[in-house]
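Note: hydrogens, waters and symmetry copies are ignored here, and every other heavy atom, side chains too, is used.
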Amino acid sequence: MGLLSDPKKRQKILDVISKYNNHLSVLCYIAGVTWFLALAYQPLNARTYFSENALLPGLVENEFYPELDMEALVQEYNEQLQKEKKNVPRKWVADQFTALGLDTYIQNYTILYPLQLTRGQSVPGQNVYGILRARRASSTESIVLSMPLRQKESDMPSTTGSMVLMLALAKYFRQKPYWAKDIIFLATDHEQFGMQAWLNGYHEISSEYISPGDLMGRSGSIQAALNLEIPDSNLKHLDIKIQGLNGQLPNLDLVNLVVRLCQRERVEVSIHKQKDYYDAESVDGYKHSLKTMMKMMWSHASGIPTGNHGLFHRYHIEAVTIEGITKRKGHHISLAKTGRVIEGIFRSLNNLLERFHQSFFFYILPATERYISIGLYMPPFGLICAAGLIKAVALWIAISTRTSDDNSDSESQTSDSKEEKESETKKEKEDAKQTDTDNEDEDVPEEASREGVSTVLPLILFSFLMGVFCFTGPEFVTTMSPSFRIGVEDTVFFGLLALFSACLLLPRTVAKKSQSTDKRLIFDWELLKSLGLIFQSLVLFSIALMNISLAFFLAVFIIPVTVITHPCKNRIFCWMQKILLLLLCPAVQIFIASMISTMEGKYKGSWDLIQKSFENMKHGLVLTILDRYLFGSWMYGVFCFAVLPTWLMFWTIVHCDL
């Protein structure tokens, strides 16, 4: 505090920032990125541990051995799927739950898709769930075991193994007297839509687009949930999915519990299909850990749930998805061994005395047993953002210095004019006044109009106004798609493309005519850049509190370009800045993200990759907007009200006339 309160020392700091701001910005950016990536190295991160001792995972003796003929049950369920290829066997599932002695219920719900996807018609669906009542409690707490019901012709992997395990575990759990919490066995239709409908109905939440039917049976407060996506055979290892809506993550204790019990049963476990490297401290081990960390961050940055578990996090219910990875050759994991893992998880959750709260909610996983907490990754992220803040402070100091110099010049001119008035005659005064008036008429349009908040305020308002148009545009343009017989995806894409084209013309639109016939864009670009960098840092830090992955990728690619952006008379350098800004615009960012995601799949060549990326971009854009309406995702809003206005400010700066 003494350093900042002492005027002399504070002035020294300001002088250093003003003189060396470019060097400091480069140093902070490089140090921040290097430090952040180095956190994947094992000595720089921490080993996972249990903060909630009540879980007691080491004391659980797994006893599950299925009494049902699991192979026969697999065959019977596949026969039911074969009978109705376009439907799921809900009635068969309900009959099985009833036969096992569970309190069985069917929830009816309807989905009214926004953006005229179904031309105003609602889509019906049904969820089947059964409740195993605890003998030693009064239904005040519960645990959920869920799975998605998938059709035979579904593009998603089969979940036959999930259904078989659920039925086998339900029969086994019913025989045990030690349950202190109710267990809800839930089979949802329509993937995440069915799960959201059930959660809305369970918590009695109304929605404009999802109308959940009344739940005839319910239990107590849900403490945790486990979602299963397991095929019927050829299991190679289990993969843990943790990403939730808007980048929410489950409590780290739950992830540790799944990993620990998988290892106890000698079942291989992975994060984003990346297993742990045997020598983590070697160079190859670091590369493997970095790849695992980047895969998690890439999925985390999208803000899209990786499974049905992701919707539980909104209700402060910790949940993960266990996916079975298949492989035809090599050693396979039996469904019985997978069942023992799930039994151990539920018996540990049964020991909980309160909700998960002691361990971390904000972390990055470079391996299944290593984690990077918020206390480790925020300092390097702060260094990356400091590169922009240092430049903003330097510009602000320059503006303050310029203003003080102008005030001193005006005061000196006033004193000089008083002395001249005493010595000059009236005629000379009139000539001087006339000359000054002519000069002022020439200088005001060029100099006075270049400085001040009033010159940048309209540009800022226009930038946010374009964000509002992009946010509300899809709902407006889709109302016209039936008249032109255009698909919803094409309507939304080309509508937003038209709005983005209007954004590119913003500098030309707000330019004013000078005394010459040409239009010129004149404003206080230093003030706008300073405000833009401060707003950019504020946005990045706000996003980082919930979704560090999205904030990191945005900061790494945006900050270097925004720091160097400034108007110049050199046409080559000016066009280079424009090209860099175009490559970082929201539209190109979405396309590049779509291309990277497409590269993980199959494609024949470069042209096929571009075509598939373009189609995936249109499809993903519509899904992101749908998530806003149906699930409350804020990803689309962040790009409209934060990323786009910030980019438009710097796009306007590079078009400023000097």
4.5 Å side-chain heavy-atom contact, P366 and L39: no
Pair F493 and F614, ring centroids less than 6.0 Å apart: yes
Rounded distance [0.5 Å steps], CG in N227 versus CD in E323: 10.5 Å
Ring geometry between Y109 and H190 (parallel below 30°, tilted from 30 to 60°, perpendicular above 60°): perpendicular
Sub-6.0 Å ring centroid separation between F193 and Y209: no
Aromatic ring pairing F361/H316, orientation class (parallel under 30°, perpendicular over 60°, tilted between): tilted
Main-chain N/O of K327 paired to H332 side chain as donor or acceptor, under 3.5 Å: yes
Residue E71 excluded, over 12 heavy atoms near CD under 6.0 Å: no
Under 3.5 Å side-chain donor-acceptor pair for N200 and Q196: yes
4.5 Å side-chain heavy-atom contact, N246 and N547: no
Side chain proximity check, L352 to E52, heavy atoms < 4.5 angstrom: yes
Side-chain touch L249/V255, heavy atoms, less than 4.5 angstrom: no
N/O donor-acceptor pair under 3.5 Å between N350 side chain and Y178 backbone: yes
Aromatic contact, F471 with F639 (centres under 6.0 Å): no
Ring centres under 6.0 angstrom apart (Y172, F64): yes
Side chain proximity check, M166 to V93, heavy atoms < 4.5 angstrom: no
Sub-6.0 Å ring centroid separation between Y77 and W92: yes
Minimum heavy-atom distance between D182 and S139, given as atom pair plus value: OD2-OG, 2.7 Å
Side-chain donor-acceptor pair present, T188, N127, cut-off under 3.5 Å: no
Shortest non-hydrogen contact between R370 and R47, atoms and distance: NH1-CB, 3.4 Å
Heavy-atom side-chain contact between E229 and P148 under 4.5 Å: yes
More than 12 heavy atoms from other groups under 6.0 Å of NZ on K275: yes
K337/E265 ion pair, N-O < 4.0 Å: no
Sidechain-backbone polar pair: Y629 side chain, Y113 backbone, donor-acceptor under 3.5 Å: no
Considering all heavy atoms, the nearest A170-L100 contact: CB-CD1, 3.9 Å
D232 and S158 side chains, donor-acceptor separation under 3.5 Å: no
Residue pair E369, Q263: steps toward the side-chain contact (heavy atoms from CB on, under 4.5 Å) verdict: CA-CA 11 Å; E369 293 187 284; Q263 292 175 347; 3.2 Å; yes
Worked check of salt bridge (charged side-chain N to carboxylate O under 4.0 Å, His left out) between E615 and K618: CA-CA 5 Å; E615 294 297 327; K618 293 195 297 183; 3.8 Å; yes
Within-4.5 Å side-chain heavy-atom neighbours: M195 and F312: yes
Distance-minimising heavy-atom pair for T598 and K612: CG2-CB, 3.7 Å
Side-chain donor/acceptor of N45 to backbone N/O of Y371, under 3.5 Å: no
Nearest heavy-atom neighbours spanning T368 and I271: CG2-CG1, 3.7 Å
More than 12 heavy atoms of other groups within 6.0 Å of R133 CZ: yes
Min side-chain heavy-atom separation Q358-F50 under 4.5 Å: no
Flag for Y129-D103: side-chain donor and acceptor within less than 3.5 Å: no
Residues T326 and N234: side-chain donor-acceptor under 3.5 angstrom: no
Enclosure of K273 NZ (heavy-atom neighbours >12, cutoff 6.0 Å): no
Q126 and N108 side chains, donor-acceptor separation under 3.5 Å: yes
Nearest heavy atoms of P250 and A319, plus distance in Å: CB-O, 3.5 Å
